[in-house]
Amino acid sequence: MNLRKLALASLLTATAGIPAVSMADSDIALGASGSATADLNFSIVIPQFVYFQVGASATPGVLDTVAFNLATVESGSGLDVADSNGPVDVVLRSNAQVTISAQALAGSGPLAVGSTQILRTASSASIPLPAFGASAAPVAGPINATGTWTFAYDNSAVFAAGTYTDTVTYTAATP
Amino acid sequence: MRRFRLLLSLLLCAFAMPAGALTFVWNQPVNWIWFVYIEVGAGEPVATVNFSVPAGQAGNGVAVVGTPGVLVRVIGRRNLFGSSNYVVTVDSSTALRNSRGTPLPLSNFTWTSAQGEFAAGSFNGTTNQQFFRYTGPYLGFEDTLTFRYRNNVVYPSGTYTGQVRFTIAQL
């Protein structure tokens, strides 16, 4: 490498007597106080995107379950019942405005009136938790947020004994 | 060395001649050998490093490698004897921008060099960041830089363009 360096230096030494030449990406300056400059362009393409994760797993199809167990609480007593699996992790990344919407509950019993019986709280305004069958207010991008959604059962009505289940799909959409 | 031998010959001639017989006047500037040279990229007037963030991966922290690699060549020489401090600085103070004028600071970019001639680093967004320094009578280094976009910030979509300027000087 030293020989190569010396060769490079010798090459320029041999041409040092010629007038200074300047190309956009190379430059030579003669004299003790001169300086030479060269530019370099940068170009980066960033596509529009949205990444939305509801639940602990980033693997599509792996769902978290919100569970309310009234075994030790009188049904309809008005005492809120916490999600025994909660809270639910949520991740939202996007470089555009995002609107999160929730599918309506389609189950029976308490799930048929889920909008009033299931209480919802979002830990971050950047990842709002909409009501069932509704959309939250749009969130301006860019967004890079993590948070949690917390659910509770309001337990203000009496329903027949049993296990009620349903699946809700949340959607994050960009314009 | 040729310059040194020429000066030595002139001095010897002056001593060999009778005083006052001849007067030599040397008009050539003594600093003509001093020079610095820098070359960044190849094949274009100004080389461009291109980055493309994969869909869905913007801001996920996985660095994106730019293409192509960029050859940087710096050469310099000092007059006659002694050493110089050759310093290469870079101005990365002007952020990249997309068509809507959204800035993307150059501090999002890092570099490594293939053979380690230039230390790995990252732009700091200033006008006078030291990129390389060498002390000696001659300077002759070249290496290929690979740039990377950190990709740990979510920026609005678009094509962002900008420029950095490398400057070499003898101190």
Side-chain angles (χ1 to χ4, degrees), chain A residues 1-52 58 91-98 126 140-145 174-175, chain B residues 29 31-42 44-60 64 66 70 73 75-79 96 98 104 106 109 115 138-142 147 149 153-170:
Chain A
M1 194 61 190
N2 285 337
L3 285 176
R4 187 173 189 179
K5 292 171 185 171
L6 285 174
L8 286 169
S10 299
L11 172 65
L12 267 291
T13 300
T15 60
I18 65 175
V21 294
S22 178
M23 293 186 295
D25 64 344
S26 67
D27 192 15
I28 186 169
L30 306 181
S33 59
S35 62
T37 63
D39 297 333
L40 178 63
N41 291 332
F42 281 75
S43 176
I44 180 168
V45 177
I46 298 178
Q48 181 171 301
F49 80 102
V50 59
Y51 174 86
F52 187 38
V91 179
L92 180 62
R93 288 199 304 268
S94 178
N95 52 7
Q97 175 180 285
V98 176
S126 296
I143 308 160
N144 188 3
T174 57
Chain B
N31 65 346
W32 72 277
I33 288 177
W34 295 64
F35 75 91
V36 287
Y37 172 84
I38 186 167
E39 179 180 340
V40 177
E44 301 176 56
V46 177
T48 299
V49 187
N50 295 290
F51 301 80
S52 182
V53 178
Q57 295 184 26
N60 69 356
V64 176
V70 176
R73 177 179 291 147
I75 305 171
R77 182 178 171 173
R78 177 189 168 88
N79 187 30
L96 281 66
N98 65 8
L104 191 156
L106 279 155
F109 295 88
Q115 300 176 55
Y138 301 101
L139 171 72
F141 287 93
E142 67 174 21
F147 289 93
Y149 171 60
V153 176
V154 176
Y155 287 100
S157 60
T159 299
Y160 294 77
T161 58
Q163 191 174 81
V164 299
R165 169 161 289 184
F166 292 86
T167 299
I168 183 172
Q170 287 188 69

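In the text below, chain A, chain B and the rest are named by the order of the sequence lines, each starting its count at 1.
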Which of the residues [options] is involved in the greatest number of heavy-atom pairs with chain A at under 4.5 angstrom?
{"options": "B:Q163, B:E39, B:Q57", "result": "B:Q163"}
{"options": "B:G59, B:S52, B:G162", "result": "B:G162"}
{"options": "B:V164, B:T167, B:T161", "result": "B:V164"}
{"options": "B:G66, B:P156, B:P54", "result": "B:P156"}

Part of [X] lying under 4.5 Å from any heavy atom of chain A:
{"X": "B:F166", "value": "both"}
{"X": "B:L96", "value": "side chain"}
{"X": "B:V70", "value": "side chain"}

| task | Applying side-chain hydrogen bond (donor to acceptor under 3.5 Å, both in side chains), name anything that partners B:Q170, two or more places apart in sequence or on another chain. | result |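 Per chain and number, B:Q170 pairs via side-chain hydrogen bond (donor to acceptor under 3.5 Å, both in side chains) with B:S84.
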
| task | Name the region of A:S33, side chain, backbone, both or neither, that has any atom closer than 4.5 Å to a heavy atom of chain B. | result | neither

| request: Using the test side-chain contact (heavy atoms from CB on, under 4.5 Å), find all partners of B:A169 that sit at least two apart in sequence or belong to another chain. | output: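 Residues passing side-chain contact (heavy atoms from CB on, under 4.5 Å) with B:A169: A:S35.
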
Heavy-atom side-chain proximity of [X] to [Y] below 4.5 angstrom:
{"X": "B:R78", "Y": "B:W34", "answer": "yes"}
{"X": "A:I46", "Y": "B:N98", "answer": "no"}
{"X": "A:N95", "Y": "A:F49", "answer": "yes"}

| Among B:T159, B:V53, B:V64, which residue meets the side-chain contact (heavy atoms from CB on, under 4.5 Å) test with A:I44? |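 The single option meeting the side-chain contact (heavy atoms from CB on, under 4.5 Å) with A:I44 is B:V53.
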
| query | If you count heavy-atom pairs under 4.5 Å with chain B, which of A:V45, A:L40, A:V50 comes out on top? | reply |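 Of A:V45, A:L40, A:V50, A:L40 has the most heavy-atom pairs under 4.5 Å with chain B.
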
| remark: Result for ring pair (Phe, Tyr, Trp, His ring centres under 6.0 Å) between B:F109 and one of B:F147, B:Y149, B:Y160 points to B:Y149

